[in-house]
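Okay, so here's the structure we're looking at.
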Protein chains: 2
Amino acid sequence: MTEAVTRPTLEAVAARAGVSRATVSRVVNGGDGVREPLVERVRRAVEELGYVPNQAARSLVTRRHDAVAVVIAEPETRVFADPFFALQLRGISKELTAHDNQLVLLLTEGRDDHARVGRYLAGGHVDGALVFSLHLDDALPGLIRGAGVPTVFGGRPGWSDGTPRAVYVDSDNRGGARAAVRHLVGLGRTRIAHITGALDQTSAVDRRDGFRDVMAEADPRLVVEGDFTPAGGERAMRELLDRCPDLDAVFAANDLTAAGALRVLRERGRRVPDDVAVIGFDDMLPVAEQTDPPLTTIRQDIEEMGRLMARLLLRRLDPRNADDTDAAPSPGVVLPTTLVRRASA
Amino acid sequence: MTEAVTRPTLEAVAARAGVSRATVSRVVNGGDGVREPLVERVRRAVEELGYVPNQAARSLVTRRHDAVAVVIAEPETRVFADPFFALQLRGISKELTAHDNQLVLLLTEGRDDHARVGRYLAGGHVDGALVFSLHLDDALPGLIRGAGVPTVFGGRPGWSDGTPRAVYVDSDNRGGARAAVRHLVGLGRTRIAHITGALDQTSAVDRRDGFRDVMAEADPRLVVEGDFTPAGGERAMRELLDRCPDLDAVFAANDLTAAGALRVLRERGRRVPDDVAVIGFDDMLPVAEQTDPPLTTIRQDIEEMGRLMARLLLRRLDPRNADDTDAAPSPGVVLPTTLVRRASA
DNA sequence: ACGGCTGTCGAGAGCGCTCTCACCTCCCCG
DNA sequence: CGGGGAGGTGAGAGCGCTCTCGACAGCCGT
């Protein structure tokens with residue numbers, strides 16, 4: 001069943017090259033302090049034998065694993081299935097790969113899984129963790145702090161138990177929201193509504209705050225709570241139209257919500273963007289490009305977020321990983337957003 | 001910087017429980033052949049010390065890692081960002097977690113990465129691999145065979161270098177396509193067109209073959225090649241309308257393609273489903289539910305596919321992982337698809 | 001010409017675990 | 001009542017690697 005092809009060891013390479021294990025080890029790990037002819041001999045022996053270091057043996061003594069856990073909490077189908085995490089994972093993967101680190105993926109649902117993740121991280125199987133913890137009431141951040149593993153969070157962590165200096169990377173949700181609303185204002189709209197996201201997530205709170213920054217004096221009835229889903233968008237849009245039939249623009253907390261809102265607007269005979277301008281958030285391509293009309297929205301560079309998270313973590317794990325271009329470390333890093341104009345606003 | 005909290009070792013637990021290392025090891029790994037009172041003493045010592053086994057040390061001697069690599073080849077933005085992989089990952093993750101295995105994610109783009117993945121797998125860092133290799137010309141499967149790691153493929157592998165018994169899990173693309181076309185026939189449609197997917201992928205080939213199974217006599221001009229993208233769907237739809245203005249139904253190779261086709265049909269003034277019925281494939285929710293009209297399509301249970309892949313692999317790695325319900329092993333497993341009726345057909 | 005210094009290399013001691021094997025009970029059967 | 005066997009336990013030998021430390025060369029300055 002299993003082929004017992006015993007892979008060559010350091011010992012074997014050493015014998016073949018006619019040097020000691022220590023020397024082979026030095027060469028394999030960078031070759032500093034070994035004279036050129038020897039380096040060459042060892043390299044050839046490695047090549048000929050097809051030697052690959054045994055990571056387990058190495059970890060046993062170095063206590064490093066060159067592996068990072070990516071924890072994605074509560075991937076409910078709707079949330080998890082959007083392109084968001086896929087892109088973020090890609091960014092993370094690229095950066096980790098560039099520094100020869102492995103990506104261990106931990107998906108959780110429910111409390112039991114949280115405990116499992118906590119145990120895993122505390123078990124010292126990985127050097128660090130990148131954590132996406134969406135909800136404010138999430139127990140995960142606490143468990144992770146308890147595990148004592150260097151961690152970078154994706155998205156501003158919202159819990160309030162006094163972990164002020166958590167390192168995180170986030171999009172400029174608030175600034176993006178301001179840009180969206182200002183765009184609508186620039187279009188001459190005055191009765192601008194906002195459908196929020198699920199307010200147990202910091203991104204939804206920040207986007208709503210951005211809306212309020214610009215529309216401080218707005219009619220409070222123009223803000224309705226949604227939940228980041230199309231169905232929530234539909235419900236909220238109906239409520240808005242009932243309450244304020246005179247509205248002339250909507251800022252939806254994300255593209256899915258905007259898609260729902262668009263459907264209701266069409267159903268009620270409002271023309272977009274002529275009667276009501278609509279703007280979304282995320283620039284989730286398969287949605288934003290497919291709506292009718294295509295959605296004007298706020299784009300965030302998801303992949304870059306992932307890459308940056310990984311970079312911050314690697315830097316903490318080993319300062320040598322720092323690029324020259326890296327700025328001084330700060331607890332939170334916020335990435336800019338950009339307005340993408342399509343037809344809906 | 002790093003807190004040198006030396007974690008307790010087996011030795012420490014043994015000392016505390018007043019037994020030997022061997023006994024602690026036995027208890028930690030199942031406790032067979034140890035008398036009850038000792039088991040209890042050891043358990044308590046483990047608890048009190050917060051002992052967690054050092055996986056590296058364990059792997060060093062057992063040569064097992066309880067880790068599985070998931071390789072996703074060529075995640076071009078468009079492909080990777082769809083919900084497909086996310087769901088599959090979730091299925092895989094659930095199954096692996098249930099059997100205490102870790103998921104190491106390897107994303108690749110381009111040839112260099114393939115070599116890296118090959119080296120990683122050959123390096124014996126994981127016990128097995130789950131591989132998604134989309135394209136027929138992909139070099140990855142060869143590299144993986146060379147690495148000698150037990151592997152299960154996601155989707156029917158299409159390369160033809162004589163690896164007939166590769167284990168894989170796939171959806172019933174052909175059967176699903178037949179069901180889609182038969183549905184259109186049942187609607188009384190006679191001039192049924194097909195927009196294929198990218199034909200360098202087996203799923204696209206199989207879906208086209210399913211179409212042909214039912215429409216053996218069809219006008220060959222009714223089949224146009226697409227590429228699984230909305231833009232490809234638009235282009236293909238235009239071509240179809242130009243060539244065969246009398247068509248009354250379209251089977252698109254996936255939902256994204258169908259969405260593009262729908263746009264062109266609307267633009268050309270054809271009513272869906274009255275003039276032209278449209279059916280997709282995948283039931284990619286954010287798309288299928290958002291189109292106008294909502295898309296009738298073929299659903300595949302993506303998450304179950306992932307779970308099944310993991311289960312097959314685990315069973316190969318260790319027969320004890322087999323559930324009682326598992327059928328006799330066969331090289332390929334094909335999951336059923338179901339028709340989801342919405343408004344477009 | 002000599003003591004020290006820098007630079008290269010090898011010997012050897014573990015890292016924390018599993019697993020074989022020998023030993024020791026204790027029970028059962030003749 | 002003794003011998004054999006079964007079952008429970010511990011001692012010890014590694015798994016493949018890194019890393020410290022000592023040995024030894026070659027070089028400098030005085």
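Convention: sequence-line order gives letters A, B, ...; per-chain numbering from 1.
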Which of the following nucleotides, [options], is nearest to the side chain of [X]?
X     : options                : value
B:V19 : D:dT18, D:dG12, D:dG10 : D:dG10
A:R21 : D:dA11, C:dC19, C:dG12 : C:dG12
B:A22 : D:dG10, D:dG16, D:dC17 : D:dG10
B:V61 : C:dG16, D:dC17, D:dT9  : C:dG16

Between [N] atom [atom2] and [X] atom [atom1], what is the distance in whole Å?
X     : N      : atom1 : atom2 : result
B:H65 : D:dG16 : NE2   : C1'   : 12 Å
B:E11 : C:dT18 : CD    : C1'   : 14 Å
B:N29 : C:dT18 : CG    : C1'   : 8 Å
A:D32 : D:dC19 : CG    : C1'   : 15 Å
B:N54 : D:dG16 : CG    : P     : 17 Å
B:R64 : C:dT18 : CZ    : C1'   : 14 Å
A:R41 : C:dT8  : CZ    : P     : 16 Å
A:L60 : D:dC15 : CG    : P     : 14 Å

Say whether, by atom type as modelled, one donor and one acceptor occur between the side chain of B:S25 and the main chain of B:R21 under 3.5 angstrom.
-> no
Apply side-chain contact (heavy atoms from CB on, under 4.5 Å) to the pair B:I72 and B:T108, showing each step before the final yes or no.
-> CA-CA 6 Å; B:I72 302 184; B:T108 76; over 6 Å; no
Looking only at side-chain N and O atoms, does [X] come under 4.0 Å of OP1 or OP2 in [N]?
X     : N      : answer
B:S20 : D:dG10 : yes
B:S25 : C:dC17 : no
A:T23 : C:dG10 : yes

Any salt bridge between B:R307 and B:E95, counting N to O under 4.0 Å?
-> no
Check the angle between the aromatic planes of B:F85 and B:F132 and answer parallel, tilted or perpendicular using the 30° and 60° thresholds.
-> perpendicular
Of B:R35 and B:A57, the one whose nearest nucleotide on DNA chain D sits closer to the 5' end is B:R35
Look at the side chain of A:R26 and the base of C:dT8, then say whether one donor and one acceptor between them are separated by less than 3.5 Å.
-> no
From the options B:E11, B:E47, B:E48, select the one residue that forms a salt bridge (Lys or Arg N to Asp or Glu O under 4.0 Å) with B:R16.
-> B:E48
Which part of the nucleic acid does B:R63 contact within heavy-atom distance under 4.0 Å: base, sugar-phosphate only, or nothing?
-> sugar-phosphate
